[in-house]
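Working notes, structure below.
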Amino acid sequence: MATMLPSSSPPPIPRGVFSPRCSLQAPSHAHRVLDGAPQRRHAPAQRAPPAAAAYAREIGACVRARRWCAACEAFAAMRAAGAAPDRFLFPQVLRACAGASAPRLAAAAHALAAKGGPALAEDAVVGNAVVAMYAALGDVGAARAAFASLPEPDVVAWTALVGAYANAGELDEAFQLFESMQASGVQPDVISWNTLISGFARSSDIGAALDLFDEMRLRGVKPRVSSWNCIISGCVQNARYDEALDIFLEMCEAEMPDAVTIASMLPACTGLMALGLGKQLHSYVVRCGIKLNVYIGSSLIGMYSECREFAYARSVFSAIDGERNVTVWNELIQSYINDGRMDKACEAFNLMQQNGFKPDTVTYNSFIAAYARAGQKELATQLLSGMINVSLRPNVISVNALISGLHQFGLCADALEVFRYMQLLNSADAKHWTFLDNSYPIQPNGTTITSVLSLLTDLKLDRLGKEVHCYALRNGLTSNIFVSSKLVDLYGKTGDLLSAANVFQGIRNKNVVTWNSLLAAYKHNRKPEVALKLIYEMLESDLLPNLVTVQIALLSSGMTMALRYGRELHGYIQKNWTDVYPDTLASALIDMYGKCGKVEDARLVFERSGEKDVAVWNAMMSCYLLHRMPRDIKKMFKLLEQSRIQPDPVTFIILLSACKQEGSMEEARNYFYSMEDLYGIKPTLKHYTCMVDIMGTAGLLEESLELIQKMPLEPDACLWSTVLKACKLHSNLEVAAKAAKSLFEIEPNNTSNYMVLSNIYANDGLWDSTESVRDAMTEQGLHVERQCSWIYLGTRVDSFEAGDLSHPAFENILSAWKDVASRMEQSGYAPQDNEPYCNVEVDPLSCHHTERIAVCYGLISMCGHEPIRVSKNFRMCKECHSSIKFISRDKNRQILISDGCTYHHFNDGSCSCGDMW
């Protein structure tokens, strides 16, 4: 929040304080020495001269300390002094070249080794080091060429080359090399297996990694702790935290975790917000005497910070006093930022410099993200531009932090502008973004595209989304599983299910997140029956559902009234969450049982939930609201107050809706004004809409217009739509015309508004006006969503869409309806629209009685004592309501219908809604 941040300026950006980072190229004198020094045909026979020995010790010390640039400088100085490395020192020099990411220096060192005579050129250890160096630099071609020059490659050389291809993402080639190694008579060792397993795990193909792991054991190679670490690390890098945890638990049965295991698992605890497990790992480190190094220390600080245990994070920082590095300081700064204490973060920024540590790009990225999330765009961009002044160059993560932060604050246009300028080639066009430098352009990566797609999804900008999709295709970014999952989400939430399904089918290694995106897309587009079918397909692909999957399945079960399926999900939850239900699942369970007509079961879930948050209370109150139980809602609200849980805006929407059901205007006013006076909750448009709805239902249409004029907010489409529906209830054409005019200005393409206005005119017999509304829809190319009803039978959901006569039992359904219609006529009631779907093409705005057809299908398909449960995507019409009341008495059946607006429980000729819906 912006208010949590100090008004002070961002971290100071001193000029001339920071020294340049280690160059990726050798110092100029190093190239001069390597290229111009007198070349010796043969290396010294046995003993190096004293100067060479001193340089060798210095280079060895630097390599052990991973000070790659210093090692390269020592090597250059050694050559300048006329000394040459021997076959024992050369592998360390080559390793330093790779560690410093210095390809030109690496090539020069390779050339020097090749010119050093047989003692170097034909030495297996040196040859292996050359292959490993090029592999580490990502130069697969050079690694392959160096490998080909080896007379008899051993397991080390083969493993290095397999690693080169695996690191480059060329897993098929890596696997073929692995097979060729064995065919040539070289048996892979545990490091070879680990290299291949790690490649597949990092590429998110965890299934293949686990298969290789099992194969290794079958071949008689015992996995080490490092083997397990490869898979765990791959899972964590791909945010597959659940799988990382499962593999970790399996590992603990066979091996003792080491420091690398702990450092890999702590980010998984962060991703799962599993504070308890994180504390156990911390305890394990202390108990086993594992050194609290910078890797474990920084991971612990990050875990405690994300889980909002800031005191623990700072105590860990204090415990690693002698071993701190920039990474640990960055974690401390991030801890303060997460705590909303920007003053302390800036203090730590200055303190780290006083302790001799220079802030790096990660440090600045943390501040950029924090200021962007707080809406302080100027400060964020000032930091980004100022990085060049301290010899730092912004990277793609810097820009991603800015885009994501601005989006989170709601500055969507600014976030899109940043993305646009990332792609500019002409720096003159990017004059406001001085961090853009044509010599070092920042290319969007998968995270950038994911952030932008998320932004476009929120704004429902499907056209721009398709443009970004094309950009991702051109730049090979759609193979990123996060990008493809977000594309499925974008197309799903903008109603393009065909594109969502096409993107999903093209994903190679689908994971739970990808499946959840597709399931959510179908649920969002009112196709819950498809979502339920897809869950079975997901299970067949050997993927286990996670919390989000179960939540989507429960909501889909509620939408289709699939009680049996919902109960199976409840059993799954009890098996996998043995202590208490997570609040999100408790809310979804209550919602499911409520929509399936099982209020008692919903209350039982509520009672058995642990520490309930306000969302769980709201879910239970919504269940009562659905079943028109306003008194129970008010009792529940009193219990909520007694539990000292702060109600939220949703709570008061439910309370005001309960007042509407009771018709208690005065009580509604009391709740409305107490929101701000007692709870500090400012009324939103939704609360004003509830008040307008209550007034409109009571016939106080003029008073509702006065309230709209006095409120401090601009009315939206939902509010005017509420007024319009009240006009339909009371046949007030004058107010309806005013509401419709305002409504069509805000939402010119919403077909439901036209439908309501058309029905108002039709009810008053104004057929010309009705026809003009329908003509206006045709002119604008608007199409009404087809009505659909669902009935859940056994293990499947049957849907009945208006105009679709393809159901295999349709003739039997018609026969059942004709029998019911005949009995209704004998009882003195003649149903209208005797033939279902008779006017679907002629009049798309009229009801097509799909719920009546679904009920008839239930009559011929279910046992006589079973309740019939049907859900529909449109409000039930009076004709269907009367017909189903008759069927419930005539057939002695309980019939439960949810139409998205009201829950109807038909029994013995009456309905729970009291004929008010």
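Residue indices begin at 1 and follow the sequence shown. What you see is a predicted model, and the numbers here were worked out from it, not measured in a lab.
Using bins of under 30°, 30° to 60° and over 60° for the plane-to-plane angle, the ring pair Tyr857/His807 lands in the perpendicular bin.
Between Phe310 and Tyr304, the gap from one ring centroid to the other reaches at least 6.0 Å. Aromatic pair Trp228/Phe213: centroids less than 6.0 angstrom apart. A centroid separation of less than 6.0 Å is found between the aromatic rings of Tyr536 and Tyr565.
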**Request:** Under the side chain to side chain contact (heavy atoms under 4.5 Å, CB included) rule, what do Asp601 and Arg567 come out as? Steps first, then yes or no, please.
**Result:** CA-CA 10 Å; Asp601 290 345; Arg567 288 197 191 282; 3.1 Å; yes
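Counting heavy atoms from C-beta outward, Pro257 and Cys252 have side chains that approach closer than 4.5 Å. Between Tyr593 and Glu600 the shortest side-chain heavy-atom distance does not fall below 4.5 Å. A heavy-atom distance below 4.5 Å is found between the side chains of Leu277 and Leu245. At a threshold of 4.5 Å between non-hydrogen side-chain atoms, the residues Ile654 and Tyr624 do not count as touching. Looking at heavy atoms from C-beta onward, Val550 lies in side-chain contact with Leu585 at the 4.5 angstrom threshold. Contact check for Leu518 versus Met538: no side-chain heavy atoms found under the 4.5 Å cut-off. Residues Glu331 and Ser298 have side chains in contact (heavy-atom distance under 4.5 Å, counting atoms from C-beta outward).
Checked against Phe248 for a side chain to side chain contact (heavy atoms under 4.5 Å, CB included), the options Asn229, Ile231, Ile232 give a single hit: Ile232.
In this structure, the side chain of Asp798 does not engage the main chain of Trp790 through any donor-acceptor pair within 3.5 Å.
Salt bridge annotation for Glu607-Arg603: present, with a cationic side-chain nitrogen under 4.0 angstrom from a carboxylate oxygen.
Looking only at atom types and distance, the side chain of Asn338 has no donor-acceptor partner in the side chain of Ser335 under 3.5 Å away. A donor atom on one side chain and an acceptor atom on the other are not found under 3.5 Å apart for Asn502 and Ser499.
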